[in-house]
Amino acid sequence: MKEGYFPQEIEKRWQETWEREDTFNTPNESNKPKYFALSMFPYPSGKLHMGHVRNYTITDVIARFKKMQGYNVLHPMGWDSFGLPAENAAMKHGANPEVWTDENIAYMTKQLKMLGLSYDWKREVTTCKPDYYKWTQWLFLQLYKKGLAYKKEAAVNWCEKCGTVLANEQVIDGKCWRCDSVVEKKYLSQWFFKITDYAERLLEDLNKLDGWGDNVKTMQANWIGKSQGAIIRFKVKEIEGLEVPVYTTRPDTVHGITYLVVAPEYKDIEKLTTPENKQAVEEYRANARKMSEIERLSTERVKTGVPLGTHCINPYTGEEFPLWTADYALVEYGTGAVMAVPTHDTRDFDFAKKYNLPMKVVIQNPENPSDCKDSAYTEEGILINSGEFNGMKNTEAKKAITQKAVDKGFGEFKTQYRLRDWLVSRQRYWGAPIPIVYCDKCGIVPEKEENLPVLLPKDVDFSVVGKSPITTSPTFAETTCPICGGKARREMDTMDTFVCSSWYYMRYADPKNSEKCFDKNLVDKWLPVDQYVGGIEHAILHLLYSRFITKAMKDMGCLSFDEPFKNLLTQGMVLKDGSKMSKSKGNTVDPDEIFENYGADTARLFILSDSPPARDFDWSDAGVEGCYKFLNRVWKLVSENFENITKDYKIEFPLSRENDDLVRLVHIAIKGITNDIAQDFQFNTVISKYRELTNAIYNWVNKKTEFSQEDKNVFSFAVISLIKLMSPVTVHLSEEIWHELGNTTSIHDEKWCEFDENLAKASKITLVIQINGKVKDKIEADEGSDNESLKTLALNNNKIKELTANKEVVKVIVVPKKLVNIVIKG
RNA sequence: GCUCCAGUGGCGGAAUCGGUAGACGCGUUGGACUUAAAAUCCAAUCGGGGUUCACCCUCGGUGCCAGUUCAAGUCUGGCCUGGAGCACCA
């Protein structure tokens with residue numbers, strides 16, 4: 001065995017061997033239980049960054065650990081390869097996005113292989129290839145058939161810089177998620193997926209996801225934004241037959257309504273405006289239109305509004321109150337109209353104060369009554385000034401008051417969601433074309449399934465500005481109507497890349513299928529994903545869309561599960577000097593450089609070592625250095641004592657004291673490492689345990705001048721256990737040592753180390769003696785001692801005797817095999 | 001404003017059930033090896049105080065204030081700080 005550790009040489013050799021021997025092939029047929037370990041697939045942006053390295057290393061270690069534990073592990077990789085950057089790069093360099101994408105995939109594949117990841121590359125999926133997007137288009141058609149894909153004209157988010165519309169989920173603080181420029185509202189006809197039909201199931205089924213963090217689940221719950229309340233219809237006094245319905249979560253406050261607000265875009269607003277008020281209302285509405293979304297939604301802004309001149313009648317009291325328009329009412333939410341109760345709603349209160357509108361208290365806390373002169377009372381209480389409902393608790397009144405509306409026919413119970421339908425069309429080239437045809441005779445017609453895929457045209461001009469390059473194709477638009485066979489035009493929009501990524505994980509189960517999107521049996525066999533690993537930035541976007549698509553596909557009979565990801569690990573960011581690595585800050589670390597200088601095993605070890613996976617990880621050069629030193633130490637441990645290691649060791653008891661100790665430490669390490677991985681993937685403590693075991697073996701070796709036969713056996717056991725325990729992380733180093741020891745099969749096909757609970761036990765324990773909960777002494781005791789003898793031992797301890805002299809012992813608490821606490825008085 | 005997460009040495013972080021706070025590493029300091037350096041190895045490393053000063057003793061210490069308990073980093077209540085998400089959502 002070579003004296004020095006040369007990772008680059010070792011790693012290259014083993015990567016080639018694994019590929020040649022197809023070591024990470026995953027058969028569909030196996031008598032082992034299945035395990036699906038999945039990383040969020042990358043966008044082929046050009047080069048791997050450290051976030052990728054962290055993500056894929058975590059999943060790889062999980063996959064390898066599960067494989068050694070006897071699972072048939074599916075661990076695939078693919079490319080989320082449609083999207084705007086490719087198109088932008090194409091425009092800039094005059095190339096085709098496909099060429100740019102292919103080059104990036106080739107380079108990043110090389111990098112992934114250098115990291116030593118155990119992918120079954122035969123299952124690779126690439127969303128921009130026709131054999132994949134054919135099925136994305138097929139999925140669109142199925143959703144269309146089910147009424148879950150539809151086209152409507154609506155106010156949508158438009159990013160001028162990207163030249164396309166965006167889904168609600170892609171607008172972050174009023175800005176485009178990709179280019180950070182301010183998003184405008186435009187009124188356009190667009191394709192939507194009806195995710196709102198699944199709002200309740202998407203919310204309800206969050207409860208099933210025990211393997212997801214609360215943070216992600218609450219983010220999704222917030223996004224879905226369920227609220228329960230009532231619709232109440234108010235008659236307009238001045239106009240016979242016209243009603244204004246409002247949605248409210250506070251029907252208990254209806255007797256306190258003093259005005260009503262409609263959004264500036266409210267559909268009946270012109271009818272509701274009297275001639276005297278027309279000019280002011282028109283001006284107000286024009287002003288609201290001009291304002292940006294951000295300005296308008298700012299909670300900081302002082303509320304403004306104008307009266308319409310008409311009035312509504314409160315069906316509960318017969319009272320009249322004025323109608324106003326104000327931009328704090330949102331046309332997209334509820335009915336676009338709000339009943340205002342200034343006494344019990346802070347927004348209404350602010351507004352009423354400003355415009356001197358009347359207030360009426362209807363809910364009170366009997367213990368601490370408020371007149372609502374200075375602020376709204378929004379807590380629970382008892383109803384007053386509410387006729388027949390007086391004295392009722394407001395929580396109960398909600399139901400009773402709504403029930404009255406139902407009985408009298410002017411309202412109903414209503415559940416409201418904040419979630420909007422998913423806007424999926426994009427005015428861009430580099431995406432899956434929407435398989436829809438427009439025919440003058442037949443209208444909107446879905447393309448026939450047998451005509452899929454609708455291929456992206458190649459004869460396009462990428463240098464155009466202000467419109468989608470796809471529209472420059474002289475051939476693409478022209479087609480025939482699938483129904484009447486007459487001349488027709490193709491849909492020019494492509495699909496949001498999130499449609500492609502909402503089902504890719506299913507395709508891994510059956511990646512080459514050219515007849516179907518996948519075989520139902522195979523997808524049911526491999527899914528749901530047992531462990532999904534990726535960034536928190538997808539908490540809503542990708543994870544919500546995927547859950548929706550899974551449920552929709554289940555309803556179509558394509559598969560039998562309704563949640564795609566059983567367990568989700570959201571890994572933290574990779575930081576450098578306390579802030580996120582980014583090109584603009586210039587604090588990036590190039591993985592290639594780390595591979596070159598230290599090797600992939602060091603990179604893998606380090607990226608797992610310093611923080612638990614869910615937390616942010618601070619990259620430090622010293623830390624890399626430290627990991628590299630550790631691997632050198634392990635290498636040296638083996639190479640310097642090579643003649644004393646035999647792969648066919650045999651441990652025979654009884655052993656000498658120090659050999660017994662070493663065997664015990666190995667068993668403790670196996671137990672600890674196995675638990676740390678199995679419980680929460682606590683790789684940072686796993687690695688500290690590698691180090692502890694290595695230190696222990698060194699301490700043992702340093703005391704040896706020569707090795708007896710027993711020593712050789714024990715030492716071999718320790719060293720071989722260590723490299724096996726390390727093999728999911730330091731994949732090349734472990735494989736190299738394994739073969740140096742004369743093995744001919746891969747260490748990655750070995751079974752995981754097993755521990756013996758009895759051998760992990762020490763014969764002596766450290767007994768902690770406390771007085772009144774404070775540690776006073778620590779003594780050795782036999783492992784098997786019962787509580788009574790531990791108590792005696794503690795009370796007879798000289799130091800304790802001294803401290804308890806002349807004191808009354810009130811109580812003695814014994815924690816088995818650990819601690820004795822003596823409670824004294826005086 | 002609402003929701004979720006976190007807060008432990010100089011730093012990253014350990015600590016099954018409430019039971020020895022600070023594992024392991026980084027850094028720092030001292031030492032060995034060397035002509036010297038690098039590399040490597042060994043040792044020390046929470047703070048205050050005491051002392052018969054390489055030993056040992058003692059007090060304090062896990063964001064803050066209370067509480068429960070024989071015992072609290074861990075449980076309960078109330079705050080403070082940081083991060084994330086949602087937000088004129090009626």
Side-chain angles (χ1 to χ4, degrees), chain A residues 172-173 213-227 229 246-250 253 260-261 263 296-303 326-330 332-341 344-348 350-351 378 416-419 536-537 539-540 572 575 578 606 609-612 614-627 629-630 632-633 636 672 675-676 679 682 684-695 698 702 766-778 810-824:
Chain A
I172 315 287
D173 293 329
D214 282 340
N215 52 344
V216 179
K217 286 193 278 188
T218 40
M219 274 163 76
Q220 291 211 356
N222 284 344
W223 188 261
I224 296 166
K226 180 180 180 174
S227 72
V246 304
Y247 171 73
T248 180
T249 54
R250 293 298 305 273
T253 63
L260 200 147
V261 177
R296 175 136 176 219
L297 293 181
S298 162
T299 48
E300 245 82 305
R301 209 161 61 83
V302 178
K303 291 174 187 34
D327 59 11
Y328 80 89
L330 306 173
E332 323 87 90
Y333 188 76
T335 63
V338 191
M339 61 179 226
V341 185
H344 305 296
D345 181 284
T346 48
R347 289 155 307 176
D348 299 344
D350 293 345
F351 193 81
T378 55
Q416 185 76 35
Y417 300 91
R418 227 181 42 96
L419 182 70
I536 187 77
E537 67 274 17
I540 292 170
L575 312 176
F606 177 54
S609 67
D610 266 8
S611 300
R615 270 204 238 175
D616 287 349
F617 176 90
D618 209 338
W619 183 276
S620 74
D621 297 336
V624 185
E625 204 61 60
C627 285
K629 276 185 203 169
F630 171 66
N632 273 288
R633 227 164 101 80
K636 242 177 63 185
N675 289 345
D676 284 355
Q679 275 167 21
Q682 275 197 56
N684 54 330
T685 56
V686 167
I687 286 157
S688 74
K689 279 163 187 151
Y690 293 161
R691 297 184 125 122
E692 277 177 53
L693 182 57
T694 306
N695 290 346
Y698 261 108
N702 288 344
T766 305
L767 182 70
V768 175
I769 309 176
Q770 297 182 328
I771 291 180
N772 291 347
K774 296 212 188 293
V775 179
K776 294 296 169 186
D777 206 1
K778 296 171 194 177
V810 184
K811 208 177 188 182
V812 180
I813 285 131
V814 183
V815 180
K817 296 176 204 275
K818 243 183 196 162
L819 170 147
V820 175
N821 187 15
I822 300 160
V823 186
I824 59 167

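Reckoned from all heavy atoms, side chains included, excluding hydrogens, waters and symmetry mates. To find a chain, count down the sequence lines: A is the first, B the second, and so on, and within it residues start at 1.
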Task: For B:A23, the Watson-Crick or wobble counterpart (both distances under 3.5 Å) - done: none

Task: P gap between B:C24 and B:A15, integer Å - done: 13 Å

Open item on the list: Between A:Lys689 and A:Asp676, does any side-chain N to carboxylate O distance fall below 4.0 Å?
Closed with: yes

Task: B:A90 phosphate, OP1 or OP2, under 4.0 Å from A:Thr248 side-chain N/O - done: no

Open item on the list: Checking base pairs now: Watson-Crick or wobble, both atom distances under 3.5 Å. What partners B:U3?
Closed with: B:A84

Open item on the list: Suppose we call two aromatic rings close when their centres sit under 6.0 Å apart. Are A:Phe617 and A:Phe606 close by that rule?
Closed with: yes

Task: Interatomic distance at P, B:G13 relative to B:A6, whole Å - done: 13 Å

Open item on the list: Heavy atoms from C-beta onward define the side chain here; which of B:A90, B:C42, B:A21 lies closest to that of A:Ser227?
Closed with: B:A90

- [ ] Considering only atom P, compute the distance from B:G77 to B:G83 and round it to an integer number of Å.
- [x] 25 Å

Task: Syn or anti for B:G82 (syn when the glycosidic angle lies within 90° of 0) - done: anti

Task: Anti versus syn assignment for B:C53, with syn defined as within 90° of 0 - done: syn

- [ ] Choose from B:C41, B:C24, B:U40 the nucleotide whose nearest atom is closest to any side-chain atom of A:Lys629.
- [x] B:U40

Open item on the list: Strictly below 4.0 Å: does A:Lys303 bring a side-chain N or O up to OP1 or OP2 of B:C88?
Closed with: no

- [ ] For A:Gly334 and for A:Ser620, locate the closest nucleotide of RNA chain B by heavy-atom distance; then report the residue assigned to the nucleotide nearer the 5' terminus.
- [x] A:Ser620

Task: Among B:G85, B:G19, B:C42, the one nearest A:Met219 by side-chain distance - done: B:G85

- [ ] Would you tell me if any nitrogen or oxygen in the side chain of A:Arg615 comes within less than 4.0 Å of OP1 or OP2 on B:A14?
- [x] yes

- [ ] Verify the contact: side-chain N or O of A:Arg418 to OP1 or OP2 of B:A87, cut-off strictly under 4.0 Å; return yes or no.
- [x] yes

- [ ] State which of B:C24, B:G13, B:U3 makes the closest approach to the side chain of A:Asn684.
- [x] B:G13

Open item on the list: With a 4.0 Å cutoff (strictly under), does any side-chain N or O of A:Asn695 reach OP1 or OP2 of B:G25?
Closed with: yes

Open item on the list: When the C1' atoms of B:U52 and B:G60 are compared, how many Å lie between them, rounded to an integer?
Closed with: 25 Å

TODO: Select one nucleotide: of B:G19, B:G13, B:C59, the one nearest the side-chain heavy atoms of A:Ser611.
DONE: B:G13

- [ ] Between A:Asn222 and A:Gly225, name the one whose nearest nucleotide on RNA chain B is closer to the 5' end.
- [x] A:Asn222

Task: A:Gln682 side-chain N/O to B:A15 phosphate OP1/OP2 under 4.0 Å - done: yes

Open item on the list: My understanding is that a pair needs two contacts under 3.5 Å, Watson-Crick or G-U wobble. By that rule, which nucleotide pairs with B:C46?
Closed with: B:G60

Task: Which nucleotide in B:C42, B:U20, B:A71 has an atom nearest any side-chain atom of A:Asn821 - done: B:A71

Open item on the list: B:A90, OP1 or OP2 - any side-chain N/O from A:Tyr247 closer than 4.0 Å?
Closed with: no

